[in-house]
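So the structure is just underneath, and the comments pick up after that.
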Amino acid sequence: MSRRAKTYGVASGHADEDTLPTTTQTSFFQKGREFESAYVNHKYTDEEKEQLATYESVDYLPPHSSVYKKWLKQQPSRLDWDRWVMMGIIGFTVGFIGFLMHQLIDVIAELKWDKASEFIKEKDYALAWIWVMGYSVLFIIVSSVPVVYLRPSAQASGIPELIGFLNGTVVRHIFNVKTMVVKFFSCVCAVGAGLPIGPEGPMIHLGSLIGAGMSQFKSETLKLNLPFFERFRNTEDRRNFISAGAAAGVASAFGAPVGGLLFSMEEVSSFWNMKLSWQTFFCCMVSTFTTDIFNSAFEGFKYQGEFGLFKTNKYILFQVSHGLALNILAFIPTVILGVIGGLLGALFTFLNLKIARFRRYHIGSIKSKGWKNLAKLMEPIIIMIITATASVFLPAAFSCTPFECSFAQEGYSPKCLSTSHGPLHTERSVKNYTCPSGITVVYNGTQFTNASFNEVATLLFVTGEKAIHHLFSRDTHFELGYAALFTVLAVYFLLACWSAGSAVSSGLVVPMLFIGGVYGRIIGRAMVDLFGVHTTGYWAWMDPGAFALIGAASFFGGVSRLTMSLTVIMMEITNDIQFLLPIMVAIMVAKWVGDFTTHPLYHALLELKCIPFLDSEPVIFHENSKNVNLELFTASQAMTTPAIVVHKVENVQRLARLLLETPHGGYPVVQKDENGVEVFAGMISRNDISILLSREDVFSSRENLLPNEEEMDFSGIDYYLMNKGYLPHALELNETLHRYEENSRYGRLYIDLSPYVNDSAPTVRENFSLHRTYIIFRTLGLRHLVVVGKSNRVKGIITRKDLMGFQLEEKISDYIHEHVELRTSGSPETSTVTVG
């Protein structure tokens with residue numbers, strides 16, 4: 001069989017972290033594999049192309065077969081109220097999980113830093129370091145061991161795998177209940193321990209896990225099969241609930257229901273409609289409400305007696321104390337921040353990919369599984385030791401920063417008004433480290449304090465979210481200086497980049513906001529030093545805290561390349577609508593600059609993990625960077641040929657031979673028309689054939705086959721069995737297929753495939769526009785698209801992998817070169833080929 005013929009479909013196996021091919025040293029050191037413009041298709045090595053072929057695809061819509069239609073008739077008729085109920089259940093569950101996660105993280109982190117602060121005040125650095133390192137490493141071990149030894153699919157954020165699945169690729173174990181449990185506890189322990197990561201990414205994956213499990217009311221792992229909401233057990237509804245669960249995860253993590261909806265629509269999901277928008281919005285609303293209502297009653301699991309009271313400074317993640325009047329001149333530093341965000345975001349993506357390839361090459365090349373797992377386990381421990389050491393000892397290299405503050409005893413203001421800088425202040429929550437905590441004097445009801453604090457400790461001796469609060473704070477122009485900001489930026493940038501992708505459940509949102517906030521504050525402080533302090537009037541917009549917010553948005557955009565959802569999320573987590581336009585400008589500039597340098601991080605990770613993905617619009621280039629117009633090409637130039645077909649009534653022995661000799665994930669089904677010509681009749685998947693071959697009770701001699709499918713009994717192999725793909729063990733199935741192939745008895749037995757054929761499988765003519773073929777394929781979320789000739793005869797087949805950018809480029813280039821050769825040889829059959 002030709003190489004092209006082998007590319008369509010895929011065997012029923014799935015890729016897993018342990019089965020990833022070890023990237024060769026040549027591909028690791030190959031230049032340009034990370035610095036690739038978003039307008040250029042990623043170039044895969046031969047090993048990576050083999051890895052791409054191991055992934056199986058799935059249709060967005062369920063196969064429209066006779067067994068499916070019979071099952072559909074048995075489902076109760078409802079007016080979609082049950083769909084809204086399910087959305088509410090998913091939203092509530094995700095919201096409660098989000099509340100539980102944040103409470104546990106706070107408890108673990110506060111105990112660590114409170115005890116460490118006591119040791120530091122006594123200047124017992126050694127004991128403080130032993131405590132921080134020992135405490136953190138203990139939780140990192142608890143976080144990493146289940147990921148390494150039980151569920152590698154719970155590693156990192158899980159967002160690339162989620163995007164790949166919702167795009168139509170089956171990724172192993174990502175929606176398993178074991179993955180959910182490991183993901184939750186790994187994230188809680190890792191973030192609480194103090195790794196430079198955040199919980200938001202894992203919350204998105206956890207939300208999708210809950211959407212996948214709750215909507216089905218069954219679990220293969222737990223051996224549960226409850227008779228509720230059975231009509232949702234199809235690929236379309238399951239994927240829609242997964243999209244809603246991911247959106248609810250964002251809503252719970254950020255307290256941003258609209259941002260969650262837009263994030264799912266913009267980044268995660270490939271297929272969307274207006275009804276799903278409303279239902280997802282409801283799911284996000286319930287998720288946010290649930291998290292807030294529980295947070296209102298519990299703080300560190302201690303009842304506060306404030307049930308139902310949603311305080312702005314508590315439920316808006318990074319509440320801005322007051323707004324500033326925006327000036328048109330603010331857009332000049334905003335554009336600068338956007339450029340910095342695009343460049344640093346591209347650098348972050350580049351380093352992250354390089355570290356991932358380095359990790360895969362060196363750890364993946366270890367032959368012993370025990371040593372390989374130990375190496376995976378040691379990496380986050382080493383990162384944690386370095387992080388703990390930097391947190392404890394790095395502030396000692398910086399002197400104390402003095403400040404004077406006064407505040408009334410009544411009302412307990414968090415501000416410390418500086419007597420030397422007028423309305424400017426230093427937050428009371430700054431960290432003293434070893435600095436004198438100050439002398440307090442009460443005069444006429446006003447408390448005066450002379451104190452000092454450590455700037456680096458203020459950013460490193462707390463959780464990432466509390467450090468971001470300091471960066472975003474307003475009227476704190478001189479709270480953080482250049483030396484502290486540049487030092488923290490360099491250290492945190494490298495550690496966050498290294499931590500992402502290590503063997504713990506981790507997210508990147510908090511590090512992205514932190515890093516962007518640091519360089520944004522540097523720009524803001526520089527403007528204050530250049531133009532002076534202005535707290536009122538025309539120049540009041542020059543506040544380092546305001547530019548920290550814009551910087552955070554720019555770096556987030558430079559890494560993720562999100563636009564709409566990121567803008568809304570930044571508004572919802574800060575409540576600073578006044579800076580909406582600068583944030584939008586910074587995000588757009590960061591996206592444009594970043595796109596010229598690297599692919600978006602999540603899409604780059606999809607390419608790194610070799611998960612097939614179809615972009616919304618293909619960008620194809622020919623030689624000399626000439627943009628190719630796909631409207632000038634046809635479906636026949638992208639199809640794989642020849643396509644192996646099966647008949648509606650097929651020999652058992654031939655079916656067994658097909659599964660043994662071909663890796664295809666599906667086969668076109670043909671039948672003879674009135675002229676005796678074999679024409680296209682539908683599609684049947686490899687899994688369906690495998691299930692049928694595992695049941696000898698459906699075999700029959702040709703004369704005993706029933707005359708039409710309406711008379712067939714579907715009770716033996718119903719829709720549930722076909723839809724979920726309950727295959728026997730691969731080894732057992734392989735032995736069974738060999739037995740069928742070798743025993744001549746099975747050459748006289750047949751299977752009527754008619755009830756299991758997808759009668760609504762779409763087709764295109766061979767002269768159909770390639771661009772419109774791509775649109776149809778991606779819009780409908782197809783797994784296979786059959787190409788037919790004028791008489792409806794099967795000419796070839798197109799799969800997801802055939803339409804990936806690099807494949808289209810190769811095929812179009814081959815086609816153009818063939819025609820150029822024909823034209824130069826003077827063949828009368830040549831035609832003019834226009835690139836575009």
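For the numbers below, each heavy atom of this structure counts, side chains included, while hydrogens, waters and symmetry mates do not.
A donor-acceptor pair shorter than 3.5 Å can be found between the side chains of Asp237 and Asn234. Using modelled atom types and a 3.5 Å distance limit, the side chains of Glu678 and His647 yield a donor-acceptor pair. Between the side chains of Arg172 and Ser153, no donor-acceptor pair of N or O atoms lies under 3.5 Å. Side-chain polar atoms of Thr773 and Arg765 form no donor-acceptor pair below 3.5 angstrom. Side-chain contact, Tyr815 with Gln637: a donor N or O sits under 3.5 Å from an acceptor N or O. For the residue pair His771 / Glu617, a side-chain donor-acceptor distance below 3.5 Å is found, with atom types taken as modelled. Residues Asn758 and Ser65 have side chains that never bring a donor and an acceptor to within less than 3.5 angstrom of each other. In this model, no donor atom of one side chain and acceptor atom of the other lie less than 3.5 Å apart for Asn651 and Tyr740. Judged purely by distance below 3.5 Å, without hydrogens or angles, the side chains of His64 and Ser760 pair a donor atom with an acceptor atom. Counting only N and O atoms by type, the side chains of Asp688 and Ser685 include a donor and acceptor under 3.5 Å apart. Donor-acceptor pairing under 3.5 Å is recorded for the side chains of Thr662 and Tyr667. At a cut-off of 3.5 Å, with distance as the only test, no side-chain donor of Asn687 or Ser690 sits close to an acceptor on the other residue. Asp802 and Thr640 share a side-chain donor-acceptor pair at under 3.5 Å.
A donor-acceptor pair under 3.5 Å links the side-chain atoms of Thr54 to the main chain of Gln51, judged by distance alone. Between the side chain of Glu48 and the backbone N or O of Thr45, at least one donor-acceptor pair lies under 3.5 Å. Asp615 places no side-chain N or O within 3.5 Å of a backbone atom of Pro618 that could act as its donor or acceptor partner. The closest donor-acceptor contact from the side chain of His205 to the backbone of Ile174 lies under 3.5 Å. The backbone N or O of Ala638 lies less than 3.5 Å from a partner atom in the side chain of Lys811, making a donor-acceptor pair. Remark: the backbone N or O of Leu608 is paired with a side-chain donor or acceptor of Arg360 at under 3.5 angstrom. Under the 3.5 Å distance criterion, the side-chain polar atoms of Arg800 are matched with a main-chain donor or acceptor of Asn167. Judged purely by atom type and a 3.5 angstrom limit, Thr235 uses its side chain to pair as donor or acceptor with the backbone of Tyr60. Ser243 places no side-chain N or O within 3.5 Å of a backbone atom of Met265 that could act as its donor or acceptor partner.
When the salt bridge (charged side-chain N to carboxylate O under 4.0 Å, His left out) test is applied to Glu266, no partner is found at least two apart in sequence or on another chain. For Lys672, the side chain to side chain donor-acceptor pair (under 3.5 Å) criterion is met by no residue, not counting sequence neighbours.
Under the 4.0 Å criterion applied to side-chain N and carboxylate O atoms, Glu56 and Arg686 are not assigned as salt-bridge partners. Using a cut-off of 4.0 Å between Lys/Arg side-chain N and Asp/Glu carboxylate O, Glu631 and Arg772 are scored as salt-bridged. Salt bridge annotation for Arg561-Asp595: present, with a cationic side-chain nitrogen under 4.0 angstrom from a carboxylate oxygen.
Centroid-to-centroid, the aromatic rings of Tyr44 and His42 come within less than 6.0 Å.
For the pairing with Lys43, the salt bridge (Lys or Arg N to Asp or Glu O under 4.0 Å) check across Glu809, Glu607, Glu810 returns one residue only, Glu809.
A 6.0 Å sphere centred on OH of Tyr39 holds more than 12 heavy atoms belonging to other residues, nucleotides or ligands.
Glu236 places none of its side-chain heavy atoms less than 4.5 Å from the side chain of Asp59.
Contact between Leu803 and Leu808 at its shortest, heavy atoms only, is O-CD1, 3.5 Å.
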